[in-house]
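Predicted model, so just to flag it, every value in this text is computed and none were measured. Start at 1 and go down the list; that is how both ligands and their atoms are numbered.
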Amino acid sequence: MSGLHVAIIMDGNGRWAKAQGLPRWRGHVAGVDSVRDVVRAAPDLGVRVLTLYAFSSDNWKRPPMEVGRLFWLLRRYCIRERDELVANGVRVTAIGRRDRIPAAALRALEQLERDTAEGTKLHLRLAIDYSSRAAIAEAVRTLARQVAEGRLAPAEMTEQKLNHLITRGVAQPDLLIRTAGERRLSDFLLWEVAYTELYFSPTAWPAFRREHLAEALADFRRRERRFGAVPATREERQVAVV
Ligand code: IPE
Ligand code: IPE
Ligand code: MG
């Protein structure tokens, strides 16, 4: 099996820290180790695209001190992990708004995007200041502008065109994992997860390691994806294999 797109809502940093008697931000610090471990393991587990929810547009509601720490950590990650990411053939790109990211963190992020542009083993997408509803609205605005300028008929505002603008050609996730027990999407990839398999792990993100990812993928492989069709008969499956 190859070429899976896995998306992860990395949740539970604050609760993990609190359980250890530590301040919330220490959970974010520990969460970086989980990112490193999962990114290292992903290609061997058949993952080719990994989308990590690092900061939602609603996370601006958090205390400035916590937000500041998160962007400080992002900058440190981009600088410290650069060499290993390049050596491992990881291409890093960011999705989400860029205009509100603190300047130093944005510089480091864009430098990392440039330095890793040739990576082919794994596409690591970091969702930062990301809101799925905002991304969908932006795509709709783009098409609406073309209609207003007379370059597109309303009937040509198709699902395919919207899909292309929203996903930028990246295939929909095969598997979405949310850690730390909550069962909600929190404005993550709403359009893209139409047929994505969902997996909820009780493990908090700072405790999440490659074996947890392997377990999620093993669970995913046991599922039957139908995409609205009827399940394939045994004979049809055998024909497909031949
Ligand atoms: C996820 O952990 C990290 C971010 C949202 C940036 P949380 O900080 O949400 O941790 P909990 O959910 O409060 O435990
Ligand atoms: C979602 O987690 C965002 C990230 C993991 C970056 P939150 O902790 O912000 O989501 P809610 O508030 O529990 O829905
Ligand atoms: Mg949370």
Let me see the working for R40 and D37 under salt bridge (charged side-chain N to carboxylate O under 4.0 Å, His left out), right down to the final yes or no.
CA-CA 5 Å; R40 278 179 186 162; D37 199 55; 5.3 Å; no
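- Excluding water, every protein N/O/S atom under 2.8 Å from the Mg ion (ligand 3) is given here by residue and atom: D11 OD1.
- Between F55 and W60, the two ring planes are perpendicular [angle over 60°; tilted spans 30° to 60°].
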Can you list the steps and then say if R141 with E138 is a salt bridge (charged side-chain N to carboxylate O under 4.0 Å, His left out)?
CA-CA 5 Å; R141 268 196 302 278; E138 174 61 29; 2.8 Å; yes
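- Annotation: ring pair (Phe, Tyr, Trp, His ring centres under 6.0 Å) contacts of Y195 (sequence neighbours excluded): F227.
- With sequence neighbours excluded, the residues that form a side-chain contact (heavy atoms from CB on, under 4.5 Å) with E182 are D11, R15, R178, R184.
- Note on ligand 2: K61 sits outside its first shell, no heavy atom being nearer than 4.0 Å.
- Ligand-side atoms of ligand 2 in range of R184: 11 (P), 13 (O), 14 (O), range being under 4.0 angstrom from any heavy atom.
- The existence of a salt bridge linking R98 and E113 is confirmed by a sub-4.0 Å separation between a basic side-chain nitrogen and an acidic carboxylate oxygen.
- No donor-acceptor pair closer than 3.5 Å links the side chain of T116 to the backbone N or O of G119.
- Although no hydrogens or angles enter the test, the distance criterion places no donor-acceptor pair under 3.5 Å between the side chain of T196 and the main chain of L175.
- Defined by atom type and a distance below 3.5 Å, a donor-acceptor pair is present between the side-chain atoms of S56 and N59.
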Go ahead and list the nitrogen or oxygen contacts between ligand 1 and the protein that come in under 3.5 Å, distances to 0.1 Å, or just say none.
from, atom 1, to, atom 2, distance (Å)
ligand 1, 2 (O), G12, N, 3.4
ligand 1, 2 (O), N13, N, 3.1
ligand 1, 8 (O), R24, NH2, 2.8
ligand 1, 8 (O), R62, NH1, 2.7
ligand 1, 9 (O), D11, OD1, 3.0
ligand 1, 9 (O), R62, NH2, 2.9
ligand 1, 10 (O), N13, N, 3.1
ligand 1, 10 (O), G14, N, 2.9
ligand 1, 12 (O), D11, OD1, 2.8
ligand 1, 12 (O), R15, NE, 3.4
ligand 1, 12 (O), R15, NH2, 2.7
ligand 1, 13 (O), R24, NH1, 3.0
ligand 1, 13 (O), R24, NH2, 3.1
ligand 1, 14 (O), G14, N, 3.3
ligand 1, 14 (O), R15, N, 2.7
ligand 1, 14 (O), R15, NE, 2.8

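- Under the 3.5 Å distance criterion, the side-chain polar atoms of Y77 are left unmatched by any main-chain donor or acceptor of V35.
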